[in-house]
Amino acid sequence: SIQAHKEEDNPQTTMEVNGLTPVPDSYDYDLIVIGGGSGGLAAAKEAAKYEKKVMVLDFVTPTPQGSSWGLGGTCVNVGCIPKKLMHQAALLGQALQDSRKFGWQFTEEVKHNWMTMTESVQNYIGSLNWGYRVALRDKKVTYENAYGEFVGPHTIKATNKKGVEKLYTAERFIIATGERPRYLGIPGDKEYCISSDDLFSLPYCPGRTLVVGASYVALECAGFLAGLGLDVTVMVRSILLRGFDQDMANRIGEYMKEHGVNFIREFVPVKIEQVEEGTPGKLKVTAKSTTGDQIIEGEYNTVLLAIGRDPCTRKIGLDKVGVNINERTGKIPVNDEEQTNVPYIYAIGDILQGKLELTPVAIQAGRLLVQRLYAGASAKCDYVNVPTTVFTPLEYGACGYSEETAVEKFGEENIEVYHSHFWPLEWTVPSRDNNKCYAKIICNIQDNERVIGFHVLGPNAGEVTQGFAAAIKCGLTKEQLDSTVGIHPVCAEV
Amino acid sequence: MGWEEVQVHGYPEFVRTAQSYHGRPVFALFCGDKDAEGRSWCPDCVTAEPVVRKELHNLPDDSVFIYCLVGDRAYWKDPNNEFRRNLKLTGVPTLLKYGTPQKLVEEECVKAELVRMLFTED
């Protein structure tokens, strides 16, 4: 049953709007944040600094397989953090192989235990979930593990997992509900397939795995699963890493292919059937070619869907308060101050239309928004030249324009691309590939050869890219880059 | 049913006791040893203990609260002592829910709100 909060207690006049829930003049909270992920928590903690009365609502609707997780959002629970840890697990496997050439002697076969890794990763995530709860409680931010949805102006309904509903009002709202993995919409997909939401807490080794998709999620997962010794196949509908520099994307794909990942290109699954139950069981996948009538079948222990993510904006009552969303994608358009078309409702993070889906971007947007709201600041979130890294087996770091976007925007004759292969010193002794690591910068000839795109493919790409992102923000030119003395012997000196 | 308290001294006794209650929620407060007058060498522990004790009535039914004295100051300062090495404790006082990553460390233990959260929430 619904408990109305404070409305009877409030003797002040309230405004009836279209016969909906009356809007009280004094609200329960200054700010309610819907979604306790990277963006939501950053915004809530920042608002608490300015002594605002803040509430955070976070709720995870379990996956079709029943997976769920604690406070912290995608990044902490089923994204960046476990991904990077498992990527590291795979890299360590490679390092063990390399170590023999450097003189380490061990006679045992080196094997990987999925459960040991998963338990350690989940334990760490648990400590992060707890840490966030302590931080919120300590800063007097009210946190409820409840599903929030708008029911009327300035009013949301919060439903906890026992079904108990409560109403809360606030002067302002920040929507930070993030996204969830998309399913294929074919027979057997929800019953038998898993997604990244399930993978990082899977209580059994996935075994022979088919990864459907060509996003960075698909390639990163395929990459570390193969690195742990599993038999992995990636089924790609068309191109790899849409939106990324395609030359780099193809190099990543080639490297993965040469290092044990199978690719099935230009096919999409049409049916998933269970052959055998088990943990893992056996699944039969039927797939159709995108270029003809050819049908193929394959058997796998696990099918991991990584075909995209959809914003959680369709079932949170946005229509009740008139917030516009892009009907096709579910994304929310905002102005450059993260404000929706409803002045007291803001949105940050992955759900924004036309913005990058990255944790640091959400955090930055959340913090700056709150500073503008409560601390008189005016700085807006800078979405330009945001660096990113894809943690495929051969890591890829980038900042700025891809080559194709630069050509499109400035014209081929106005850009100059400088590039180089490099062979990491650490790869020489164990005889690893000498022509795979690669770096390129894209310069704008008309603007002093300003560096407008930076791309590097090699170990520790993320670490390498971060510094260059700062340089690009300062307006790095080719000449300045040339006159910077390199550190030797490191990959970054290229 | 309610909850019960057990007092232990030192690492081996702690582990034995915690494991004997397997299946029940176990909470533990680690403090520095007390002298003849009952005062701990650890000043934060002196402040935290009454705060924690005041919240004990919030413990879930069937819980066990282990009050563990870790040792003298010299023992604690040794970076290789068993509490640091095996339980990954980084400071005293530490209040934790055994078998989970949920814990409160040092000044967090003197905040009643946080202690209550540890005892009552999942």
Side-chain angles (χ1 to χ4, degrees), chain A residues 36 41 44-45 48 51 53-60 62 66-72 76-78 81-82 85 115-147 158 160-164 166 200-201, chain B residues 15 18-19 22-23 25-30 44-45 47-49 51-52 54-61 63 65-66 82-122:
Chain A
L41 290 180
K45 287 195 261 186
E51 323 252 294
K53 194 159 178 231
V54 188
M55 163 181 263
V56 171
L57 294 173
D58 186 69
F59 191 84
V60 179
S67 307
S68 184
W69 50 88
L71 181 63
V76 162
N77 292 285
V78 288
I81 302 291
L85 290 173
M115 293 309 306
T116 307
M117 173 184 71
T118 310
E119 238 177 80
S120 309
V121 169
Q122 286 302 317
N123 218 42
Y124 176 63
I125 292 173
S127 71
L128 291 179
N129 298 141
W130 174 251
Y132 286 125
R133 289 171 59 197
V134 169
L136 288 184
R137 186 62 68 93
D138 205 29
K139 297 182 198 321
K140 310 273 184 281
V141 172
T142 309
Y143 157 58
E144 283 216 9
N145 183 210
Y147 187 93
N160 72 11
K161 53 182 170 220
K162 299 207 176 108
V164 176
K166 293 196 199 154
F200 302 109
S201 57
Chain B
V15 174
Q19 286 176 353
H22 181 70
V26 173
F27 295 85
L29 176 64
F30 299 90
D44 287 339
C45 300
T47 326
E49 194 179 329
V51 174
V52 172
K54 207 148 166 252
E55 296 296 325
L56 288 177
H57 68 275
N58 286 314
L59 283 172
D61 277 345
S63 298
F65 173 68
I66 303 181
E82 294 141 305
F83 287 103
R84 289 189 194 269
R85 238 180 335 121
N86 302 339
L87 276 179
K88 308 282 184 271
L89 296 196
T90 53
V92 279
T94 291
L95 179 66
L96 56 76
K97 188 169 179 180
Y98 192 66
T100 76
Q102 298 184 350
K103 64 178 179 178
L104 297 173
V105 179
E106 290 161 6
E107 61 275 1
E108 293 173 342
C109 299
V110 316
K111 299 181 181 176
E113 273 283 312
L114 298 184
V115 175
R116 200 174 313 139
M117 183 169 84
L118 180 70
F119 286 164
T120 61
E121 293 178 27
D122 255 326

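Remember, predicted model here, so these are calculated numbers, not experimental data. By convention in this document, chain letters (A, B, ...) are assigned in the order of the sequence lines, proteins followed by strands, and residues within each chain are numbered from 1.
Judged purely by atom type and a 3.5 angstrom limit, A:N129 has no side-chain atom pairing as donor or acceptor with the backbone of A:G72. No donor-acceptor pair closer than 3.5 Å links the side chain of A:N160 to the backbone N or O of A:Y147. The closest donor-acceptor contact from the side chain of B:E108 to the backbone of B:V105 lies under 3.5 Å.
Residues of residues 82-100 of chain B lying within less than 4.5 angstrom of chain A, judged on heavy atoms, are absent.
Two residues are said to be in side-chain contact when any heavy atoms from C-beta on lie closer than 4.5 Å; B:L59 and B:L56 meet this criterion. Here the side chains of B:V52 and B:E49 are not in contact, with every heavy-atom distance at 4.5 Å or above.
With sequence neighbours left out, the disulfide (SG to SG under 2.5 Å) criterion links B:C109 to no other residue.
Note: B:M117 leads B:E113, B:M117, B:E121 in heavy-atom pairs under 4.5 Å with chain A.
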